[in-house]
K.L.:
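I'd like to ask you about the structure that follows.
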Protein chains: 2
Amino acid sequence: MARKSASGRIGIADVAVKAGVSHATVSRVMNGNFTVDPDIAARVRAAAAELKYQPNPVGRSLALGKTDTIGIVVPDLANPTFQAILRGLSRAAAQDGYRVLIADSFEVSSEESILAAEARRRCDGLVLCAPRMTDAELEEIVPSLHPLVLINRTTAAPGVPSLVVDYGQGVQDIAGHLVDLGHTRLAFLAGPPHSASNDMRLKGLEAFKAAHPDVDVTMLEGGSDFDTGHEAVDAVLASGATGILAFNDLVAMGLMSGLHERGLDVPGDISVTGFDDIPFARYTTPALTTGAVPITELGEQAWHQLRALIRKEENDAPGSRYQPRLEVRASTGPAKAPRSTVHG
Amino acid sequence: MARKSASGRIGIADVAVKAGVSHATVSRVMNGNFTVDPDIAARVRAAAAELKYQPNPVGRSLALGKTDTIGIVVPDLANPTFQAILRGLSRAAAQDGYRVLIADSFEVSSEESILAAEARRRCDGLVLCAPRMTDAELEEIVPSLHPLVLINRTTAAPGVPSLVVDYGQGVQDIAGHLVDLGHTRLAFLAGPPHSASNDMRLKGLEAFKAAHPDVDVTMLEGGSDFDTGHEAVDAVLASGATGILAFNDLVAMGLMSGLHERGLDVPGDISVTGFDDIPFARYTTPALTTGAVPITELGEQAWHQLRALIRKEENDAPGSRYQPRLEVRASTGPAKAPRSTVHG
DNA sequence: GAGAACTGAGAAAACGCTTTCTCGCATGGC
DNA sequence: GCCATGCGAGAAAGCGTTTTCTCAGTTCTC
């Protein structure tokens, strides 16, 4: 019969009593400390097994000063991109015995810093995805969040790795692809106004426009979800563009759905591109041309960077930059009125 | 200048020294205990603010015996269904000040019970999604996991709410819909062999077959992802069925994609149905007819049930059963060779 | 004006563990 | 046979909180 401590749960004290040793010895055995007599160790292990004793992690955390848990702050768990980051992070961390605590800010960016601080205090480190947070706010909280890894943001603070996707180069590649297909009138269906990754795309497009003065690029307001794309049909048609760069795959899918409802053919009438290469992108009809980002791998890398920080290792690669790979599928095709050589 | 305790972080002791009071008083103030003189309370608050003191959650957890965290065990974070449950759970829990810790078993069901026990000890309660775990194993670990809420599983143990989707009824509704459209040869593209929810579907189809002896239902082996559906094209065509019930939306989308590649028209040649109504289901081409499950709401309900358990409230609704709603979209249509009245 | 009742804050115990410190005991050397 | 050495395990001190216990100082009552 398992005797229980006052709390109702079996603790180290119960095992100690049953094995006829002190708490300290039980702790030593449980932690594989070999300065314990093998006979006694065996007795302790037997007692522990019989009582099904499992050390209380909270007690351990307090004593050891670590929780074996990391936190991730995401603006929206419904977004496939963050789901993928979470997945990669979770898997990689699990392999090293770490769990992940999620903090979803539900796009309420005013809550983000509080949430981040909160999460950080419960964990050994933090991965922060906060695309809408202002630079000022970011700089202010970053120092108190160490060990910290940033996703798609950079900071002046030292010792904070940033994993950033080169969206600027990505949109340029996509725009280039459309131009190669003969499109001369493009439109960019932008993302959320104050999003860091949207800014990167805008910068990329500026560079593209500078390099291609003959191409007309219309900027359209947008957002980051299906509905944004779906509702943008009128604006897209009004722009007269034949090649559309949607902020991301979700927006592109919404747009294609809306165009389809209007009886327009993609890519016959209009070419549509996305960004991210979420798992569903290859299964849309037509399959979506997009800028593929190895996003799950990014989550995995986030863990590796964070791990190095937690272990206070020399970090030779403080952050890294991911180049999107142009993934040409069926949603892009020759412009209706080609003005130069067109393949296919 | 903020003085720091040995640990390097600001603790209650630092605030106590700065305010010239004892730790106890600081704690009382921080917890809104009104037996403290207003002047002293103000002094403490000022000191806390100046030092930017935030109580250490681990210390609090140990003292209070609660972590304000719940855990969720999922077999695969890549699956939209579990993502949605997680989302609903996370949001609902957040509203009550709880965070969620995720434990992804990566479909390794042998790890599931260890993972669950591990997660449970770090949290105040657990939501368990373990479709592949055997009944025996489930019954064995359930008692040690309380407070616990099960998703799509039931247990004989008392006090464990189960949130289960009535997949059995769902497939019958879908099958009925296909028969109404004139289909007489159906095929079920099954899910993972030992999945609880697959068993429920199979039972539902048995009932359906008993009620519709004139309808031919072929059972095909399958899985739960895109590729399963994509690879099943040959088997589906070989079956001669014109109405296909895929295990879930993912499989249905894979199948539609495969059929499309073969030049077949959905629903012209073959009608395809899914299950779950994941967010993408309405954006496929054609939009997918499916059994809609309010899955995010299910995650939310999971929290409410768990909360009741944690608070030891009387739980008048120990679990609940969700009826899928038949969502007819464009992927189903009249059978090619109608044998009875067909609408449209 | 003295004892009772009360108020409010400090001391100390508790939460469950790890780890340092300490010390008894056995062994080895001379 | 005695002291130095070392090994192994218990005692105790943290880790950072909350909360009970205790008690000094004040107010109230008769």
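Throughout, a chain's letter reflects where its sequence line sits, starting with A, and its residues are numbered from 1. Side-chain atoms are counted along with the backbone in the values below, which use heavy atoms only and exclude waters and symmetry mates. These figures come from a predicted structure and were not determined experimentally.
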K.L.:
Roughly how many Å is it from NZ in B/K66 to P in C/dG16, rounded to a whole number?
P.N.:
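It works out to 16 Å between those atoms.
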K.L.:
Rounded to whole Å, please give me the gap between NE2 in B/H23 and P in C/dC15.
P.N.:
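Those two atoms, NE2 and P, are 19 Å apart.
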K.L.:
Tell me which residues in residues 55-62 of chain A lie within less than 4.0 Å of DNA chain C, going by non-hydrogen atoms.
P.N.:
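Residues of residues 55-62 of chain A that come under 4.0 Å of DNA chain C are, in numerical order, A/P55, A/N56, A/G59, A/R60, A/L62.
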K.L.:
So which pairs with a foot in residues 51-61 of chain A pass side-chain hydrogen bond (donor to acceptor under 3.5 Å, both in side chains), sequence neighbours left out?
P.N.:
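side-chain hydrogen bond (donor to acceptor under 3.5 Å, both in side chains) check on residues 51-61 of chain A returns A/N31-A/R60.
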K.L.:
So for atom NE2, which belongs to A/H194, do other residues, nucleotides or ligands contribute more than 12 heavy atoms lying within a distance under 6.0 Å?
P.N.:
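No, not enclosed.
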K.L.:
Look only at the side chain of A/T69 and the backbone of A/T67, and say whether a donor-acceptor pair between them is shorter than 3.5 Å.
P.N.:
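Such a contact is found between A/T69 side chain and A/T67 backbone.
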K.L.:
Quick check on contacts: within residues 118-126 of chain B, what sits under 4.0 Å from DNA chain D by heavy-atom distance?
P.N.:
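DNA chain D contact set from residues 118-126 of chain B: none.
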K.L.:
Atom CG of A/L64 and atom C1' of C/dT19: how far apart are they, to the nearest Å?
P.N.:
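Spelled out: CG on A/L64 to C1' on C/dT19 is 10 Å.
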K.L.:
Looking at CD1 of A/I12 and CE of A/M30, how far apart are the two atoms once the value is rounded to the nearest 0.5 Å?
P.N.:
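Spacing of CD1 (A/I12) from CE (A/M30) equals 8.0 Å.
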K.L.:
With a 4.0 Å cut-off on N to O distance, would you call A/E50 and A/K18 a salt bridge?
P.N.:
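Answer for the salt bridge query: yes.
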K.L.:
Kindly compute the distance separating OG (B/S90) from CD1 (B/I85), expressed to the nearest 0.5 Å.
P.N.:
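Result: 13.0 Å between the selected atoms.
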K.L.:
Between C1' on D/dG16 and CG on B/D14, what's the gap in Å once rounded to a whole number?
P.N.:
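To the nearest whole Å, that distance equals 11 Å.
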K.L.:
Strictly below 4.0 Å, N to O, side chains only: are A/E313 and A/R307 in salt-bridge contact?
P.N.:
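Not counted as a salt bridge, because no side-chain N and carboxylate O are separated by less than 4.0 Å.
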K.L.:
Answer yes or no: is there a donor N or O on one side and an acceptor on the other, between the side chain of A/R99 and the main chain of A/G97, under 3.5 Å?
P.N.:
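Yes, A/R99 side chain to A/G97 backbone: donor-acceptor pair under 3.5 Å.
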K.L.:
So how far is it from B/D76 CG to B/C129 SG, rounded to the nearest 0.5 Å?
P.N.:
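The distance works out to 11.5 Å.
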K.L.:
How would you summarise protein contacts on nucleotides 22-28 of chain D per nucleotide, using B for base, S for sugar-phosphate only and - for none, with heavy-atom distances below 4.0 Å?
P.N.:
-------
K.L.:
Is a side-chain N or O of B/D124 found less than 3.5 angstrom from the main chain of B/D68, in a donor-acceptor match?
P.N.:
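Yes, B/D124 side chain to B/D68 backbone: donor-acceptor pair under 3.5 Å.
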K.L.:
List, with names and distances, any nitrogen or oxygen atoms from the protein found under 3.5 Å away from nitrogen or oxygen atoms belonging to nucleotides 20-25 of chain C.
P.N.:
from, atom 1, to, atom 2, distance (Å)
C/dT20, O4, A/R28, NH1, 3.4

K.L.:
Does B/E112 pair with B/R132 as a salt bridge, N-O distance under 4.0 Å?
P.N.:
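No salt bridge links B/E112 with B/R132.
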K.L.:
Does atom CD of A/E139 have more than 12 heavy-atom neighbours, drawn from other residues, nucleotides or ligands, at distances under 6.0 Å?
P.N.:
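Above 12, so yes.
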K.L.:
Within a radius of less than 6.0 Å around NE2 of B/H23, do more than 12 heavy atoms belonging to other residues, nucleotides or ligands occur?
P.N.:
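For B/H23, atom NE2 is not crowded (no more than 12 foreign heavy atoms under 6.0 Å).
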K.L.:
Less than 4.0 angstrom between a side-chain N/O of A/Y53 and OP1 or OP2 of C/dG16, yes or no?
P.N.:
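False: A/Y53 side-chain N/O out of range (4.0 Å or more) of C/dG16 OP1/OP2.
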K.L.:
C/dG10 phosphate, OP1 or OP2: any side-chain N/O from B/T25 under 4.0 angstrom?
P.N.:
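The answer is yes; a side-chain N or O of B/T25 sits under 4.0 Å from OP1 or OP2.
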K.L.:
Please list residues of residues 29-42 of chain A whose heavy atoms come under 4.0 Å from any atom in DNA chain C, ordered by number; otherwise none.
P.N.:
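Here the set is A/N31.
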K.L.:
Which value, rounded to the nearest 0.5 Å, describes the distance between B/M133 atom CE and B/S110 atom OG?
P.N.:
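One gets 10.0 Å once the value is rounded to the nearest 0.5 Å.
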K.L.:
Any chance you could measure B/E111, atom CD, to B/D104, atom CG, to the nearest 0.5 Å?
P.N.:
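It comes to 11.5 Å.
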K.L.:
Can you check whether B/D135 reaches B/T155 side chain to side chain, under 4.5 Å on heavy atoms?
P.N.:
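B/D135 vs B/T155: side chains apart.
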